[in-house]
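Proteins get letters first, then strands, A, B, ... in listed order; numbering begins at 1 in each. The figures that follow rest on heavy atoms only: side chains count, while hydrogens, waters and symmetry mates do not.
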Number of protein chains: 2
Amino acid sequence: MGVRRFSRILPVTKPPVHDPRRTLTLRDVSEASGVSEMTVSRVLRNRGDVSVATRERVLEAARSLGYVPNKIAGALASQRVNLVGVVIPSLSNMVFPEVLAGISETLEDTGLQPVVGVTNYSPEREETVIYEMLSWRPSGMIVAGLEHTEAARAMLAQAGIPIVEIMDIDGEAVDSAVGISHRRAGRQMAEAIIASGYRRIAFLGTMMPHDHRARKRLQGFEEALAKAGLTLADQEFYSGGSALLKGREMTEAVLKRSPDIDFLYYSNDMIGAGGLLYCLAQGIDVPGKIGLAGFNGVELLDGLPRRLATMDACRLEIGRRAAEIIAGKHAGTIGGEVIELFPTLQAGDTIRRA
Amino acid sequence: MGVRRFSRILPVTKPPVHDPRRTLTLRDVSEASGVSEMTVSRVLRNRGDVSVATRERVLEAARSLGYVPNKIAGALASQRVNLVGVVIPSLSNMVFPEVLAGISETLEDTGLQPVVGVTNYSPEREETVIYEMLSWRPSGMIVAGLEHTEAARAMLAQAGIPIVEIMDIDGEAVDSAVGISHRRAGRQMAEAIIASGYRRIAFLGTMMPHDHRARKRLQGFEEALAKAGLTLADQEFYSGGSALLKGREMTEAVLKRSPDIDFLYYSNDMIGAGGLLYCLAQGIDVPGKIGLAGFNGVELLDGLPRRLATMDACRLEIGRRAAEIIAGKHAGTIGGEVIELFPTLQAGDTIRRA
DNA sequence: GTGAAAGCGCTAACAC
DNA sequence: GTGTTAGCGCTTTCAC
């Protein structure tokens, strides 16, 4: 962004607010209310029987002092931490916020709180994030993907808490897993495309060595092509920048280079949307002359002039199921669960009816 | 999403992995290495002088055991927590992930870690999130917006740590603040629009009673209109659903209802983009017959057939500055800073040149 | 360069 | 129903 910015520091109009004074403790509430620390603790946690009178006195004291319990001390003493670590590669891909939404929603009435860590698709960064999270002794961990460093896998396996790897099931899980088979998804899309009569098929995707799920989709896609005696007619990769714009640019590049292409398979909906806008602007007959498909089923597609073919990645459901496993809602099981979800192919308006 | 899904639970192929055994402690490392707990602690924190030999022995023991330090105990003992609470209204509005990126980037080499909480634009939820976060005794808090419940303000003020309210500076900050004046932003956009000769101006926005910043922009916008002797010719509000789609629908509704409208001001870029796509599809002369403008400067706009006029909200910069304040990089100040950033108006291709 | 003792602020377990 | 005691696993401080 080559945008110039100006800033000024306004004069301080009031005294500094955060004098690092000692924060309040149970003892303070105890003294203010004339009730023992232990009973104060009970009131504040709604544990055990406390007379209404004492309870009121304690709550009043706590409220008027502005007491906020120290969970660090509480967690150390009780050996319980109401935190669930969630490790994802990115927040700018809307897929992950949606998974998070599913997790939060399900965790809401369990007293558990998700804590998010972002890895930017870097295995080393992931290892660090996992280490940092485990050092807070969370009640469970939800980690995107099945591919981790040796050390990360070892730490997770050692942690003694439920671990759920999400999004993908094509591989070996540390403990539990909830996701779809991306390889199968790629295969299915290829089969649908071939069945609709397309033959000169190109792939356009991200150049991210660590996006294993995109890689597996492409792999499955090529497997199905091979079974039909086909190979990819062209490929184009990108990294960084506005996905929508990259989609336009890559599409233009591919169509200029290989004018006889009749199908464009994108590794995600955002670049697919860019490609769709480009084709429409060029007056290309979609899906007559050229068909298009993406992956993810993102909400954005609803607003486009034509509905891009895609596959729903079951994001919300994945989040929910993973959270349920952590919350121990699957009675009778103690880890080791693998839940496969099955995405639906939405043909939209960019694949010819077979 | 009316998508059917199927799932099955695959048979467990391996023994459950997370038997909740006791996790390792410093003592375990101490015993395994034959070095005192204290020295082990020093090695693991790189504190004080330790002989190379002992250091090696300790690290080897820790590594082979797979020891992960317990930060809960560490934090309690040292009274230091390397966490920074970040409270934002939403993750699905790309604005906030970008602010987060700025925060993470700046915090990276300070040893501080951001922990994110999401409020869904609910003041009560915000109060809860703030309470929960403060109970972990973070080193600082970054909170979106200046409007909070009484209790939330009180807690923040009491916490004894640096508090930075971000995004907005039109109001009273608890401690420090970094943001732009949304009222001024609305005013500026209105002035630009009027200067370009538009007169029949409509507003299209979210119906979110707690989106104070959108409200302030509209307010500033109307002020500037009034100064020019104008009032809004029409308005339309929405909530929920795909913003891009809503943008199309709202635009259609407004243009049908008020055919003489010559400008559409959107409260965010996403609905603005939907409106733009609608106008282009209808063959409306943009910006000749109708002008359009949004707010935020989102990356997505780069991929659209035409560049929507917008104002950059300085998201990355806001994140960076806020993090710098928390990290204590503004030497000589102890809170109470207010940093105003000045967004740039990007006229794009959807406002007539004056 | 290394170790021993005390205690961070809470809660589990038990007494009364 | 309420209080007392003993830690939780580290780090601080001070001694050696």
Side-chain angles (χ1 to χ4, degrees), chain A residues 20-59 61-62 65 67-83 111 132 134-139 159-160, chain B residues 20-59 61-62 65 67-83 111 132 134-139 159-160:
Chain A
R21 55 176 158 270
R22 194 178 62 76
T23 70
L24 298 162
T25 70
L26 263 191
R27 164 176 241 106
D28 296 303
V29 182
S30 167
E31 283 170 0
S33 62
V35 177
S36 80
E37 283 188 46
M38 196 51 233
T39 300
V40 171
S41 168
R42 280 195 268 256
V43 170
L44 265 20
R45 285 177 299 142
N46 287 313
R47 276 279 190 301
D49 293 324
V50 180
S51 76
V52 182
T54 357
R55 147 176 241 85
E56 281 313 313
R57 268 204 298 161
V58 169
L59 287 178
L65 289 175
Y67 171 70
V68 177
N70 186 330
K71 286 216 183 179
I72 297 175
L76 184 60
S78 68
Q79 305 281 61
R80 265 182 282 107
V81 181
N82 69 335
L83 262 26
E132 293 284 324
L134 286 179
S135 73
W136 286 103
R137 299 291 186 266
S139 296
Chain B
R21 53 176 160 268
R22 192 178 64 74
T23 70
L24 298 162
T25 70
L26 265 190
R27 164 175 240 106
D28 295 305
V29 182
S30 165
E31 284 170 0
S33 62
V35 176
S36 80
E37 283 188 46
M38 197 48 238
T39 301
V40 171
S41 169
R42 278 196 270 259
V43 170
L44 264 21
R45 285 176 300 142
N46 286 312
R47 276 279 191 303
D49 293 325
V50 180
S51 76
V52 182
T54 355
R55 147 175 241 84
E56 281 313 313
R57 269 203 297 161
V58 169
L59 287 178
L65 289 175
Y67 171 70
V68 177
N70 186 329
K71 286 217 183 180
I72 297 175
L76 183 60
S78 68
Q79 305 281 61
R80 265 182 282 109
V81 180
N82 68 335
L83 262 27
E132 294 284 326
L134 286 179
S135 72
W136 286 101
R137 299 290 187 267
S139 297

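With a 4.5 Å cut-off on side-chain heavy atoms, B/Thr25 and B/Glu31 do not count as touching. The side-chain heavy atoms of A/Val50 and A/Thr39, taken from C-beta on, include a pair separated by under 4.5 Å. Put simply, the side chain of B/Leu65 reaches to within 4.5 Å of the side chain of B/Val29, judged on heavy atoms. Taking 4.5 Å as the limit, some side-chain heavy atom of B/Val81 sits within range of a side-chain heavy atom of A/Ile72. You'll find the side chain of B/Leu44 reaches within 4.5 Å of the side chain of B/Val58, heavy atoms only. At least one side-chain heavy atom of A/Lys71 sits less than 4.5 Å from a side-chain heavy atom of B/Glu132.
Between A/Lys71 atom NZ and C/dC8 atom C1' there is a gap of 19 Å when expressed in whole angstrom units. Separating the CH2 atom of B/Trp136 from the P atom of C/dG9 is a distance of 16 Å, rounded to the nearest angstrom. Summarising the geometry, the separation between CZ on B/Arg47 and P on C/dG1 is reported as 17 Å, rounded to the nearest angstrom. The CD atom of B/Glu37 sits 12 Å away from the P atom of C/dA5 (whole-angstrom rounding). B/Ile72 has its CD1 atom 23 Å from the P atom of C/dG7, to the nearest Å.
The bend of the helix from C/dG1-D/dC16 to C/dC16-D/dG1, defined by the angle between the axes of its first five and last five pairs, stands at 30° to the nearest 10°.
Of all heavy-atom pairs between A/Ser41 and A/Leu26, the closest is CB-CD1, 3.8 Å. Between B/Arg137 and A/Leu24, the closest heavy-atom pair is NH2-O, 3.7 Å.
The phosphate of C/dG1 has neither OP1 nor OP2 within less than 4.0 Å of any side-chain N or O from B/Thr54. Between C/dC10 and A/Gln79, no contact under 4.0 Å exists linking OP1 or OP2 to a side-chain N or O. For the pair A/Arg45 and C/dT11, the criterion of a side-chain N or O lying under 4.0 Å from OP1 or OP2 is met.
Residue-level contact check: A/Asn70 touches the backbone only, with heavy atoms under 4.0 Å from sugar-phosphate atoms and none from bases. The residue A/Arg55 sits apart from the nucleic acid: no heavy atom pair falls under 4.0 Å.
Where DNA chain D meets chain A (any atom under 4.0 Å from a heavy atom), the bounding nucleotides read 5' to 3' are D/dG1 to D/dG9.
Place B/Leu24 and A/Met38 on DNA chain D by their nearest nucleotides, and A/Met38 ends up nearer the 5' end. The residue among B/Arg42 and B/Ser78 whose nearest nucleotide of DNA chain C lies closer to the 5′ end is B/Arg42.
In the set C/dC10, C/dA12, C/dC14, the nucleotide with an atom closest to the side chain of A/Ala77 is C/dC10. With C/dA4, C/dT2, C/dC10 as the choices, the nucleotide that has an atom nearest any side-chain atom of B/Ser51 turns out to be C/dT2. Side-chain atoms of B/Thr39 lie closest to C/dG3 of the nucleotides C/dT11, C/dG9, C/dG3.
Between the OG atom of A/Ser33 and the CD atom of A/Glu56 there is a distance of 12.0 Å, given to the nearest 0.5 Å.
For CZ of B/Arg45, the number of neighbouring non-hydrogen atoms (other residues, nucleotides, ligands) closer than 6.0 Å is greater than 12.
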